[in-house]
Structure formats: C-alpha cells, structure tokens
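Order of the sequence lines fixes the chain letters, A, B, ..., with proteins taken first and strands second; residue numbering starts at 1 for each chain. Keep in mind that the numbers below use all heavy atoms, side chains included, and drop hydrogens, waters and symmetry copies.
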Number of protein chains: 2
Amino acid sequence: MDTLETRELRYFVAVAEELHFGRAAERLGMAQPPLSRAIQQLERRLRVCLLERNRRGVRLTGAGEVLLQEARAALDAAAAAVRRTRRAGGADGPGGPRGRLVLAVKAAASHELLRKLLDAYAAEPDSAEIEVLPCGIREQEELLRDGRADVALMHTPWNSLAGFDSEALAAEGQVAVLPAGHPLAARETLSLAEVRDIPGLPLARWPTRGSYVPGPGPEIHNQTQLAQLIALGRTVAVVPESARSWLWAEHAAVPVPDAPPVVTHLAWPAHSRSLTLAGLVRTAARL
Amino acid sequence: MDTLETRELRYFVAVAEELHFGRAAERLGMAQPPLSRAIQQLERRLRVCLLERNRRGVRLTGAGEVLLQEARAALDAAAAAVRRTRRAGGADGPGGPRGRLVLAVKAAASHELLRKLLDAYAAEPDSAEIEVLPCGIREQEELLRDGRADVALMHTPWNSLAGFDSEALAAEGQVAVLPAGHPLAARETLSLAEVRDIPGLPLARWPTRGSYVPGPGPEIHNQTQLAQLIALGRTVAVVPESARSWLWAEHAAVPVPDAPPVVTHLAWPAHSRSLTLAGLVRTAARL
DNA sequence: GCCCTGTCATACCCGGCGGGTATCACCGCG
DNA sequence: CGCGGTGATACCCGCCGGGTATGACAGGGC
C-alpha cells in the first residue's frame with residue numbers, strides 16, 4: 001500500500017528516462033505490455049498521475065518529475081547497500097568493516113595533496129589498502145552515492161557537497177593559463193573580467209551537469225585537449241594553482257585574485273560508520 | 001543478482017532489529033519459515049554471511065551491521081519517494097511541486113526566529129502554505145530523510161547536518177540557567193568548568209542518540225521538566241540565549257562565553273528540487 | 001479518404017515464487 | 001530425560017509478474 005519495490009522504481013525510471021514504453025521495456029529486458037501494466041498499478045497505488053500519455057509518446061507530470069528524482073536516489077541507496085555489504089563481507093570486526101577503501105578522484109586533480117594523503121595514511125598503524133579510482137568530476141558524486149566508492153576528493157565550487165560529510169583539506173587560488181607568448185602573460189595578476197574579454201582568445205567551456213553553457217569558446221572534454229588548445233593560442237582557461245604541475249613550456253600562468261578560491265575536501269556518504277574511513281579522515285585532518 | 005527488493009530489506013531490518021526470527025516474522029505479519037528462507041536467499045545472493053545463528057538467538061556479523069545501516073537508509077529513501085510523490089500529486093507545475101511545505105522544528109526552539117521566518121515568507125508573492133510539525137530534536141533528521149518533512153530548523157552542534165543541504169540563519173551564545181536565589185546567579189559570566197562543578201547542583205543530562213551518558217544529574221525528557229527541576233534547585237543547565245523567552249521568574253540566566261555557540265540552520269534533503277522550498281530558503285537567507 | 005505505421009492498452013495464459021502449515025533438529029534446562 | 005523454544009526443512013498452493021496476441025487510436029503519406 002505505501003511501500004514501493006525497487007523493481008517498480010526501476011521500471012518507472014526506465015520509462016521516465018526513455019519517455020517511451022517500448023524502448024524502456026527493451027532496456028529492461030522485458031516485453032512492453034507487462035511494463036505498461038506495472039506503471040498503471042504504480043499510479044493506482046500512489047493515487048497519482050505520473051505520465052501524460054499523448055497518442056504520440058509520453059510526458060512526465062510534475063509528480064512524475066518528483067518521483068524520478070526520488071526513485072533514482074532510492075535505487076542508488078539500494079545499490080549502495082549491496083556493494084557496501086559485499087565489501088564488508090570479507091575481513092571485519094564488530095562496529096564496521098576493516099577492508100579496502102575506494103577513493104574516487106577527478107583524474108589528475110590535487111595530485112600533490114593526494115600523494116601526501118596516501119603517504120601519511122599508509123604510515124599509520126594498521127592502515128587499510130586504498131584503491132584510487134580515477135573518474136570524471138560529475139561521476140564522483142554518483143560513485144559515492146551508489147556505493148562504488150567510499151570516499152572522494154572533491155573540489156568546491158565545482159562539486160556539490162550536498163548529501164555528504166566532508167572535511168576541508170586545502171584551499172588555493174586560481175590562475176589564468178595563457179599561451180606563453182601572449183601580451184597579458186607578463187602581467188602580475190589579471191581580473192576575471194579581463195580574462196573573459198581577451199580579444200581573440202575566448203574562455204574555454206567545460207560541461208556542467210552534462211551540458212555546456214553556450215558561448216564562443218571551445219568545448220573541453222579533457223585536460224590534454226585543453227592544454228593543447230591553450231598552447232595553440234585558441235583559448236584561455238582559469239584553473240586552480242595546483243594545475244601548474246601539468247602545464248607545458250608553451251603555457252603561462254597568471255594569478256586571478258578575484259576568482260573564487262578552490263577548496264579541496266575529503267567527502268564521504270553522510271551515514272558512513274566505517275572505522276577504516278574514520279582513520280583516513282583523521283589522517284587527512286592532520287595534514 | 002545485484003539488486004535487492006525493498007521487501008528483502010524490510011525483512012532483514014526486522015530480523016536485525018529483533019535478533020529473533022519469530023518476533024521479526026510477527027512484526028512483519030507473516031510466518032517464521034518463509035522469513036528464514038528469505039534471509040537465507042538474501043545471504044546466498046549477496047554471498048555474504050549476515051547473521052550468526054547460535055542455538056540461542058541470533059547475532060549480527062560485521063557485514064550484517066553494514067547492511068542494517070544501508071538498508072535503513074534505502075528504506076527511508078523509498079518511503080520518501082512515496083510521500084513526496086503523493087504530495088506533489090496535487091497542484092504543481094513543471095520542474096517541481098508548488099504545494100504545501102512541512103517544516104519540522106524542535107518544539108519551542110528558536111521561537112522568535114521561526115516567527116520572523118514564517119511572517120517574512122507569508123509576505124512573499126505566491127508563497128505556499130507552511131505546516132509546522134513540532135517534534136523531538138532527533139526526530140527531525142529522520143522526518144527529513146523519509147519524506148514526512150520537507151525542511152527543518154536544526155541546531156548545531158546538537159543536530160548533525162550530514163546528508164542535508166543547509167543555510168545558516170543565526171548564531172547565539174549559551175547561558176547557564178540557575179535557580180534565581182543561587183549565589184552564582186549574580187555573576188556576570190560563568191565558565192563551562194564552573195557550571196559543571198557547582199557543588200550540590202549537578203548538570204542536567206539529556207539524551208543523545210536515544211541514550212543518556214552516565215552522570216550525577218537528572219535525566220531530562222522535556223523542557224517543562226527541566227524548568228521545574230532548575231526552579232526547585234535540583235539541577236542546572238546550559239542552553240542557548242534564546243531560551244530566555246521560556247524562563248520562569250524563579251530562574252536566572254548567566255552567560256557562558258566558552259560554551260560552543262549554537263547555530264540555527266534551515267536544512268533540507270540534499271537532492272531536493274522543489275521550487276517552493278527554494279522560495280523559503282531565499283526568504284530565510286534575507287532575514 | 002485510404003491505409004499503413006507507430007504508439008500504448010487490453011485480454012488471456014502460464015510458471016515461478018512468495019507465503020502458509022506441519023514438522024524436524026538441536027540445545028539448554030529443570 | 002522429557003520439555004520448551006530456537007531456527008531449518010519439506011511440501012503445497014494461489015497469486016502475480018511476465019509472455020504472446022491483439023485492439024484502439026492518432027498522424028502522415030499518397
């Protein structure tokens with residue numbers, strides 16, 4: 001009556017994402033009619049209209065939008081339950097697992113800090129093994145929510161810490177990265193407004209939440225690409241100071257004091273009780 | 001294979017909490033044998049031992065403890081999905097519900113602030129109705145997680161903001177509340193150490209996470225009881241300044257500068273996308 | 001206007017599995 | 001040694017989740 005099975009949530013998410021019963025059924029590996037019936041039962045049990053069936057395709061109602069959000073969160077939680085329980089299944093003591101930790105990091109971000117953290121933790125008595133899982137910056141939050149990772153190095157303001165516990169580890173300013181020969185490369189500092197308005201050198205754009213904001217600059221997919229485009233004099237970017245470590249000889253970095261500071265956090269699921277994780281956090285706090 | 005139904009999670013939580021298959025089955029409204037079988041299937045599918053069956057009763061393994069935590073979180077998420085979807089089912093527009101908001105507050109806490117917030121929000125154009133749901137301080141987090149409430153007034157350091165988004169609204173110092181006639185009531189300020197060591201006047205204890213830390217002072221269950229015990233000269237307490245509003249004539253309040261400041265936050269589930277909630281937060285941020 | 005196509009809904013059947021009852025195996029205890 | 005109380009096993013049944021076949025209906029091309 002007032003409880004949904006994860007099966008029903010999976011079905012609804014598939015339909016809500018595909019907006020097409022046939023494709024959703026195919027994705028779920030089942031036939032279309034039982035899927036239609038399941039969604040109807042769901043709507044009847046919730047006494048809520050979730051989908052608008054126009055003869056041509058399907059649209060979400062407001063309640064449907066809400067359920068899509070909530071169902072994804074609930075499915076993530078269920079998947080996390082499986083993953084974390086399986087991982088805890090090996091060696092553990094009462095009160096929490098003592099196994100490996102999976103640490104999700106945006107590839108190449110905060111490299112120095114990460115090395116220091118791993119070294120310091122490895123030197124601790126009875127420290128656990130840490131698996132470093134490189135991934136995209138948007139992926140980190142998903143990995144943490146659905147249990148594929150236990151802890152992540154996140155960077156505000158790009159990552160959202162919503163839904164996680166966290167410990168701030170370091171803050172740094174940002175620098176504008178220009179082609180070495182550019183006239184502005186000799187400046188002591190630049191303002192954000194100046195960087196945005198360099199004639200003939202549009203600001204690079206990277207995806208936020210999967211899509212790009214419109215603008216003149218090139219769309220960046222990875223750091224190597226960005227480095228190359230800057231070296232070629234096609235774009236300019238504002239990045240954290242620690243990015244100096246991967247700059248090329250053809251690059252110049254100029255501090256941008258009015259850019260928002262970037263804070264590196266260690267973040268983990270809010271309700272985590274793992275003793276191993278607690279050890280890592282303690283180490284990190286002492287850095 | 002790698003997905004659990006909420007039914008299985010419910011079953012496991014019941015067994016893990018009762019530590020007794022018979023009682024758990026009764027609580028679930030079913031017979032014991034199918035429950036035993038379901039838990040065995042769960043363990044086989046996860047390939048993890050969750051329970052130690054000693055001839056006399058049952059104990060949780062480490063993995064079982066982990067699953068208990070995770071399962072509770074996942075069930076809360078599923079319950080929240082139902083509640084929020086049902087509430088969104090009424091009047092709504094695209095992008096989020098425009099219905100009532102349920103605001104969970106610890107009874108009588110931050111009364112002035114709450115009144116100001118509600119008044120300011122009601123004065124906004126197209127503000128929604130706000131239902132104030134008074135509850136205990138530990139209950140707030142649960143209500144928010146399982147969807148019975150949309151937003152809460154929380155107080156650090158007593159509440160944990162882990163897992164929620166929040167906006168700090170106000171900070172205040174703490175005061176010691178003594179019987180009016182007590183010699184120390186005339187002091188300008190007191191230190192925490194002094195309050196703790198008043199001869200014949202032990203510090204009141206309130207429950208943290210459902211249980212009381214041991215100590216000489218009386219165990220407090222509600223504010224009226226606390227007020228009475230202080231007035232009778234049986235105990236002393238350290239409370240936020242704003243509590244002056246409910247003090248009696250027989251009470252005296254003395255500032256305690258070295259007590260941790262109490263910050264009142266507006267908190268809501270991390271992934272919330274409600275437009276109505278966004279309006280309330282905007283109003284709160286302007287207070 | 002016609003039919004064809006693509007959509008979701010309906011009708012009906014079947015097998016698996018979730019749940020019930022009866023019973024067992026085992027241990028502690030008086 | 002029997003008794004009570006635990007969880008596990010054996011067996012049966014009915015329901016419901018899923019499949020196939022088909023219907024209803026709207027839009028588009030000719």
To the nearest Å, give me how far apart CZ (B:Phe21) and P (C:dG19) are.
15 Å
Which nucleotide, D:dG17, C:dC8, D:dA8, lies nearest any side-chain atom of A:His20?
C:dC8
How many whole angstroms separate atom CG of A:Leu28 from atom P of D:dG17?
15 Å
Check this for me: B:Arg23, atom CZ, are more than 12 non-hydrogen atoms of other residues, nucleotides or ligands nearer than 6.0 Å?
yes
Tell me the interatomic distance from A:Leu50, atom CG, to C:dC8, atom P, rounded to whole angstroms.
15 Å
A:Pro33, nearest nucleotide to its side chain (from C:dG20, C:dA9, D:dT9):
C:dA9
Heavy atoms from other residues, nucleotides or ligands near CD of A:Glu26 exceed 12 (cutoff 6.0 Å):
no
Categorize A:Gln41 for me: base, sugar-phosphate, or nothing, with a 4.0 angstrom heavy-atom threshold over every strand shown.
sugar-phosphate
Which nucleotide sits closest to the side chain of A:Ala31: D:dT20, D:dC11, D:dG7?
D:dT20
Would you check if the side chain of B:Glu141 reaches a backbone N or O of B:Ser160 as a donor-acceptor pair within less than 3.5 Å?
yes
Expected output: side-chain B:Arg45 to main-chain B:Thr3 donor-acceptor under 3.5 Å:
yes
Between B:Arg44 (CZ) and D:dA8 (C1'), how many Å, whole number?
12 Å
So does B:Arg7 reach the base of C:dG18 with its side chain, donor to acceptor, closer than 3.5 Å?
no
Is there a side-chain contact between B:Ser36 and the phosphate of D:dG7, meaning an N or O under 4.0 Å from OP1 or OP2?
no
What is the separation between atom CZ on B:Arg37 and atom C1' on C:dG20, rounded to the nearest whole Å?
10 Å
Atom-pair distance (CD on A:Glu5; P on C:dC17), nearest Å:
16 Å
Comparing A:Tyr11 and B:Gln40 on DNA chain D - which has the more 5′ nearest nucleotide:
B:Gln40
Within this structure, what is the CD-to-C1' distance between A:Glu26 and D:dG18, rounded to whole angstrom?
17 Å
Separation of atom CG in A:Leu35 from atom P in C:dT7, rounded to whole Å:
14 Å
Side chain to side chain, A:Phe164 and A:His265, heavy atoms closer than 4.5 Å:
no
